[in-house]
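This report concerns only the one structure given below.
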Number of protein chains: 2
Amino acid sequence: MGTRRSADLEFAILGLLSSGPLHGYELRKRLDLLLGPLRAVSYGSLYPTLRALQARELIRESAPARQGLGSRRSRIEYELTDAGADYFAELASVAGPDAWNDDMFVTHMAFFGHTPRPVRLRILEGRRARVEERLALLRTRIEQAEHRTDSYVLLLQQYRVETLEREVRWLTDLLDRERAHAG
Amino acid sequence: MGTRRSADLEFAILGLLSSGPLHGYELRKRLDLLLGPLRAVSYGSLYPTLRALQARELIRESAPARQGLGSRRSRIEYELTDAGADYFAELASVAGPDAWNDDMFVTHMAFFGHTPRPVRLRILEGRRARVEERLALLRTRIEQAEHRTDSYVLLLQQYRVETLEREVRWLTDLLDRERAHAG
DNA sequence: TTCGTCATGTAATGGGTTACATGATTAC
DNA sequence: GTAATCATGTAACCCATTACATGACGAA
């Protein structure tokens with residue numbers, strides 16, 4: 001358990017590298033786009049993670065295309081090793097116990113192209129159950145505190161309820177789509 | 001700069017205590033309801049923060065109503081000191097430079113009842129500008145990467161765009177409401 | 001009497017953010 | 001030539017989470 005770096009960051013890096021080598025700076029931009037504005041990754045987090053993955057021989061530095069002989073390379077491109085490709089394939093094709101966590105779900109979905117449909121369905125259903133659970137909890141709590149709740153707090157809570165309801169609808173649509181495509 | 005604990009947690013605690021003394025356990029439940037499922041606060045974070053606030057003499061332990069003489073009190077109630085009440089009033093009535101950050105905005109809005117309307121408008125506008133900015137950035141990035149974007153990634157990005165658009169509409173509604181009430 | 005919840009707290013661990021440092025390359 | 005962006009990296013600081021420890025109280 002030496003390095004327990006956030007599993008979803010490693011997953012996302014491996015996934016991005018699975019379609020070709022990239023250097024750190026570019027990787028960060030793609031990670032931001034993939035993971036969203038929350039869960040943004042800083043260099044102080046990215047580079048150490050890359051080194052950790054390299055140490056585990058899941059990625060390696062790929063020979064960079066040199067422009068001129070003797071030109072110092074300013075970029076370091078990383079690519080998957082065979083072990084890294086295998087590991088990513090496995091990560092993408094099973095629904096781990098945390099697959100419906102906020103962070104992990106997004107990463108999983110981003111790489112659904114590498115995930116068999118039954119697993120996609122399971123992850124989407126798991127995520128929906130998680131969101132519904134959260135929604136139910138929020139509703140009972142709101143109900144309990146209903147009396148004497150400040151009106152602005154109430155507005156916030158209504159917004160949150162609607163946000164969760166919307167996510168449930170979105171997931172339901174995705175599930176319908178998956179099933180339709182299967183039929 | 002000794003303790004730079006997350007400002008919004010302190011703000012929220014002071015705000016909750018401004019309507020009466022509470023003990024830690026109860027405080028945590030209310031904080032969860034106030035701050036939402038993300039930004040949940042653990043005891044390992046709450047109790048040290050309470051001690052820090054106490055050290056700064058912004059809160060104090062209030063004499064608990066003892067059931068029987070000599071009964072060990074099992075709850076510790078906290079209440080605002082005069083300095084704490086003043087500090088909270090000031091926090092709530094000015095728009096600090098981070099008032100439209102994700103966390104701080106929510107706390108501010110929760111205590112809008114203690115905030116003069118012009119400041120409310122400024123915070124809501126600042127927040128809306130922030131969200132619009134994020135939306136614009138997201139859109140340009142999506143456009144740049146449009147070609148060769150995986151379809152699942154695209155679905156995620158569309159959802160994010162719609163989420164931001166929705167938040168902008170919500171803020172606009174709140175602003176309209178504030179202005180209508182003022183007229 | 002035992003389980004669940006209420007209630008308070010500590011310590012270690014881990015890892016992310018921030019700030020800093022450096023330098024190449026491109027555009028103006 | 002100079003400013004902005006590209007690009008890599010380090011180190012310290014901070015602090016939140018986690019796991020653990022303890023015990024009261026009410027209900028079943």
Side-chain angles (χ1 to χ4, degrees), chain A residues 1-10 12-13 21-32 35 37-55 59 61-62 64-68 70-78 98 101-103 137 140-141 144, chain B residues 1-10 12-13 21-32 35-55 59 61-62 64-68 70-78 97-98 101-103 137 140-141 144:
Chain A
M1 327 263 104
T3 29
R4 223 341 114 246
R5 297 184 177 281
S6 51
D8 75 300
L9 177 56
E10 293 186 349
I13 290 172
L22 292 169
H23 59 275
Y25 192 85
E26 179 64 23
L27 211 35
R28 189 179 101 108
K29 285 198 299 186
R30 308 238 183 153
L31 284 168
D32 283 351
L35 305 174
L38 322 143
R39 191 79 186 84
V41 23
S42 63
Y43 294 122
S45 176
L46 175 61
Y47 286 115
T49 302
L50 285 172
R51 252 174 290 122
L53 287 170
Q54 204 175 356
I59 65 175
E61 294 181 26
S62 62
R66 317 198 163 214
Q67 290 89 328
S71 74
R72 283 245 292 100
R73 71 177 188 284
S74 57
R75 300 169 164 196
I76 300 174
E77 301 231 300
Y78 293 94
D98 55 354
N101 284 176
D102 289 335
D103 293 337
L137 187 64
T140 60
R141 283 200 190 159
Q144 281 168 6
Chain B
M1 330 259 109
T3 30
R4 220 346 112 250
R5 297 186 177 281
S6 50
D8 75 301
L9 178 57
E10 294 186 349
I13 290 172
L22 293 169
H23 60 274
Y25 192 85
E26 179 64 24
L27 210 35
R28 189 178 102 108
K29 284 198 299 187
R30 308 237 184 155
L31 284 168
D32 282 351
L35 304 175
L38 320 144
R39 192 77 188 86
V41 23
S42 63
Y43 294 122
S45 176
L46 175 60
Y47 287 115
T49 302
L50 285 172
R51 252 174 289 122
L53 287 170
Q54 203 174 359
I59 66 176
E61 292 181 28
S62 63
R66 314 197 166 217
Q67 291 87 328
S71 74
R72 284 248 288 102
R73 71 178 187 284
S74 57
R75 300 169 165 196
I76 301 175
E77 301 232 300
Y78 294 94
D98 54 354
N101 284 176
D102 289 335
D103 293 335
L137 186 65
T140 61
R141 282 200 191 160
Q144 281 168 6

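Residue numbers start from 1 in every chain, and the chains themselves are labelled A, B, ... in the order their sequence lines are given, proteins ahead of strands. Bear in mind that the values here come from a model prediction, so they are computed numbers and not experimental data.
- The minimum heavy-atom distance linking A:Thr140 with A:Leu137 is given by the pair OG1-O, 2.8 Å.
- For the pair B:Leu31/B:Leu9, a side-chain contact is recorded, criterion being any heavy-atom separation below 4.5 Å from C-beta on.
- As rounded to whole Å, 13 Å separates atom P of C:dG16 from atom CG of A:Leu31.
- For the pair B:Glu61 CD and C:dA7 P, the interatomic distance rounds to 16 Å; values are reported in whole Å.
- OP1 or OP2 of D:dT10 sits under 4.0 Å from a side-chain N or O of A:Arg51.
- Closest approach of B:Val41 to B:Asp32, counting heavy atoms only: N-OD1, 3.6 Å.
- Nearest heavy-atom pair across B:Leu46 and B:Gly24 is CD2-O, 3.3 Å.
- Residue A:Ser6 places at least one side-chain N or O closer than 4.0 Å to OP1 or OP2 of C:dG16.
- Each end of the helix from C:dT1-D:dA28 to C:dC28-D:dG1 gets its own axis, taken as the rotation carrying the C1' atoms of four end pairs onto the next four within a five-pair window, and the two axes meet at 40° to the nearest 10 degrees.
- Atom P of nucleotide C:dA7 and atom CD1 of B:Ile76 are separated by 12 Å, given to the nearest angstrom.
- Closest approach to the A:Tyr78 side chain among D:dA7, D:dG9, C:dC6 is made by D:dG9 (side chain taken as heavy atoms from C-beta onward).
- Separating the CD atom of B:Gln54 from the P atom of C:dT8 is a distance of 12 Å, rounded to the nearest angstrom.
- A:Gln54 places a side-chain heavy atom less than 4.5 Å from the side chain of A:Ile59.
- Distance A:Leu9 CG to C:dG14 P: 18 Å, rounded to the nearest Å.
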Worked check of salt bridge (charged side-chain N to carboxylate O under 4.0 Å, His left out) between B:Asp102 and B:Arg39: CA-CA 10 Å; B:Asp102 289 335; B:Arg39 192 77 188 86; over 6 Å; no
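- Shortest non-hydrogen contact noted between A:Glu10 and A:Thr49 is CG-CG2, 4.0 Å.
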For nucleotides 17-22 of chain C, give me every protein contact, N/O to N/O, under 3.5 Å, one pair per line with atom names.
residue : atom : partner : partner atom : Å
C:dT17  : OP2  : A:Ser42 : OG           : 3.2

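- The shortest side-chain heavy-atom distance between A:Leu35 and A:Asp103 does not fall under the 4.5 Å cut-off.
- Whole-Å rounding puts the B:Asp32 CG to C:dC6 C1' distance at 15 Å.
- Seen from the ring of A:Tyr43, A:Arg28 counts as a face-on cation partner, given the 6.0 Å and 45° thresholds.
- Residues of residues 21-30 of chain B that place a heavy atom closer than 4.0 Å to DNA chain C, in numerical order, are B:His23, B:Gly24, B:Tyr25.
- In this structure, A:Tyr47 atom OH and D:dT8 atom P are separated by 4 Å, rounded to whole Å.
- The nearest whole Å value for the distance from the CG atom in A:Leu50 to the P atom in C:dG16 is 13 Å.
- Put simply, the side chain of B:Tyr78 reaches to within 4.5 Å of the side chain of B:Glu61, judged on heavy atoms.
- Across all non-hydrogen atoms, the minimal contact from B:Pro48 to B:Gly44 is CG-O, 3.2 Å.
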